[in-house]
Amino acid sequence: MGKRWIPLEANPDVMNQFIWGLGVSERAVQFCDVYGLDDELIALVPHPVLAVLFLYPFTSLRGLMDSSSDQDEENKEESSVSAKSTAGGKDLSKKVYFTKQTIGNACGTIGVIHAIGNATSQIKLVEGSYFGKFYKQTADMDPVQRAAFLEEDDEMEDAHSIAASAGDTNINLDVNVHFVCFSCVDGELYELDGLKSQPTPHGPSSPETLLQDAAEVIKARIAENPNSMNFNVMALSKK
């Protein structure tokens with residue numbers, strides 16, 4: 001099964017201490033809860049929103065690593081997405097920062113990496129900080145190389161472990177929920193899931209409508225499992 005980390009809690013306080021400690025200015029951005037997906041509740045979220053983290057039930061995974069049947073379904077979905085993208089005449093943007101997830105239970109950290117990595121033009125990273133160095137070192141790597149780099153990165157593993165231990169919930173390595181990130185790049189809404197081989201496009205978007213556009217995708221995901229309470233949405237907002 002390979003390396004497994006302790007899952008991160010879907011808690012803005014935990015996430016904020018995590019990113020601030022890695023080099024994101026505390027005065028620049030913060031994670032905050034999204035309490036509902038209706039327009040009135042979305043309007044309460046501090047704007048502008050730079051990324052959206054979504055936690056949802058993923059019961060077909062154990063420890064968030066693929067089984068062979070799940071991989072088959074994933075490949076079918078990606079083929080469909082690829083066909084739609086090609087049919088629409090629009091390729092995936094090369095500006096999207098994307099990495100694979102090869103570490104069990106690391107989806108929270110992968111989501112954070114995607115959120116910050118696709119908003120670096122709007123976030124001033126502390127010079128010489130972990131994130132300041134990480135994105136420079138991995139800029140020219142492909143998603144698989146970035147995943148391999150992360151597996152050997154003791155500094156990130158230690159930071160993740162500290163953040164995971166700061167949560168209020170009991171530690172459990174066998175979780176059945178999964179984090180993904182939504183970012184707007186080149187006028188397109190992308191879902192960034194490290195268990196997939198590439199970003200998933202969801203249609204036109206903009207920095208001003210990112211949260212609303214992501215909410216529509218999230219509503220459809222929630223409708224697939226309406227009896228579950230294991231959903232959480234957080235926004236990365238600029239202060």
Side-chain angles (χ1 to χ4, degrees), residues 5-24 26 28-37 41-42 44-58 61 64 96-101 103 105-120 122-123 131 134-135 150 156 159-160 163-164 166-169 175-185 189-196 199-202 205 207 209-222 225 228-239:
W5 290 354
I6 301 169
L8 283 185
E9 186 177 276
N11 181 329
D13 291 336
V14 170
M15 293 295 192
N16 286 331
Q17 294 302 321
F18 186 38
I19 64 172
W20 295 339
L22 291 172
V24 176
E26 185 173 343
V29 296
Q30 65 180 353
F31 279 105
C32 55
D33 281 315
V34 179
Y35 292 107
L37 300 175
L41 292 174
I42 285 177
L44 299 177
V45 177
H47 283 68
V49 172
L50 305 180
V52 178
L53 286 188
F54 176 45
L55 181 76
Y56 68 99
F58 213 22
L61 293 183
L64 297 184
V96 179
Y97 186 94
F98 179 72
T99 181
K100 285 281 292 174
Q101 177 190 337
I103 302 170
N105 296 333
C107 57
T109 288
I110 297 296
V112 167
I113 288 173
H114 284 146
I116 303 298
N118 287 290
T120 52
Q122 302 177 70
I123 299 174
F131 270 150
F134 175 83
Y135 289 112
L150 194 62
M156 175 57 95
H160 173 102
D168 297 325
T169 54
V175 296
N176 63 350
V177 290
H178 184 53
F179 277 106
V180 296
C181 173
F182 291 92
S183 294
C184 176
V185 182
L189 178 68
Y190 286 99
E191 180 178 347
L192 307 166
D193 181 348
L195 294 184
K196 297 184 177 179
T200 302
H202 284 291
S205 186
T209 63
L210 168 59
L211 181 53
Q212 291 92 331
D213 298 333
E216 293 305 311
V217 180
I218 291 170
K219 287 177 186 177
R221 192 73 50 81
I222 292 174
N225 199 347
S228 176
M229 299 295 290
N230 293 325
F231 293 99
N232 180 278
V233 182
M234 289 181 286
L236 180 67
S237 296
K238 202 167 183 177
K239 287 190 176 180

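Within the 4.5 Å cutoff, the side chain of L192 has no heavy atoms near those of the I110 side chain. Within the 4.5 Å cutoff, the side chain of L37 has heavy atoms near those of the I222 side chain. Counting heavy atoms from C-beta on, the side chains of F18 and T109 come closer than 4.5 Å. Within the 4.5 Å cutoff, no side-chain heavy atoms of V34 are placed close to those of F54. Side-chain atoms of L53 and M15, non-hydrogen and from C-beta on, do get closer than 4.5 Å to each other. Counting heavy atoms from C-beta outward, F31 and Q17 have side chains that stay 4.5 Å or more apart. Here the side chains of M156 and I113 are in contact, with some heavy-atom distance below 4.5 Å. Side-chain atoms of T200 and D193, non-hydrogen and from C-beta on, never get closer than 4.5 Å to each other.
Taking NE2 of H178 as the reference point, atom CG of N230 lies at 14.5 Å (rounded to 0.5 Å). Distance CG/L211 to SG/C184: 12.0 Å, rounded to 0.5 Å. The line from CD1 of I116 to CD1 of I19 is 4.5 Å long, rounded to the nearest 0.5 Å.
Residues V52 and A214 share a closest heavy-atom pair of CG2-CB, 4.2 Å. Nearest heavy-atom pair across I42 and G36 is CG1-O, 3.8 Å. Here the shortest heavy-atom pairing between G108 and L8 reads C-CD1, 3.8 Å. S183 and C181 make their closest contact through OG-SG, 3.5 Å (heavy atoms, listed as atom of the first residue, atom of the second, distance). Across P57 and F231, no two heavy atoms sit closer than the pair CD-CE2, 3.3 Å. Shortest non-hydrogen contact noted between S237 and C32 is OG-SG, 3.6 Å.
Under the side chain to side chain donor-acceptor pair (under 3.5 Å) criterion, K238 pairs with no residue at all, not counting sequence neighbours. For Y56, there are no side chain to side chain donor-acceptor pair (under 3.5 Å) partners at least two apart in sequence or on another chain. Judged as a side chain to side chain contact (heavy atoms under 4.5 Å, CB included), and not counting sequence neighbours, the contacts of L55 are A10, V177, F179, N232. Residues passing the side chain to side chain contact (heavy atoms under 4.5 Å, CB included) test with L44 are L41, sequence neighbours excluded. In this structure, the ring pair (Phe, Tyr, Trp, His ring centres under 6.0 Å) partners of Y97, at least two apart in sequence or on a different chain, are Y135. Taking E26 as the reference, nothing meets the side chain to side chain donor-acceptor pair (under 3.5 Å) condition, with sequence neighbours excluded. With sequence neighbours excluded, no residue forms a side chain to side chain donor-acceptor pair (under 3.5 Å) with H114. Applying the side chain to side chain contact (heavy atoms under 4.5 Å, CB included) criterion to Q30, with sequence neighbours excluded, gives N16, W20, P46, K239.
The one candidate from L236, L50, V49 that meets the side chain to side chain contact (heavy atoms under 4.5 Å, CB included) condition with L210 is V49.
Side-chain N or O atoms of N105 include one that pairs as donor or acceptor with a backbone N or O of W5 at under 3.5 Å. No donor-acceptor distance shorter than 3.5 angstrom exists from the side chain of D33 to the backbone of Y35, with no hydrogens or angles considered.
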**OP:** Verify side-chain contact (heavy atoms from CB on, under 4.5 Å) between N118 and F98, making sure each step is shown before the conclusion.
**Re:** CA-CA 9 Å; N118 287 290; F98 179 72; over 6 Å; no
Original post:
Which is it for V233 and F182 under the side-chain contact (heavy atoms from CB on, under 4.5 Å) test, yes or no, and what are the steps along the way?
Top reply: CA-CA 11 Å; V233 182; F182 291 92; over 6 Å; no
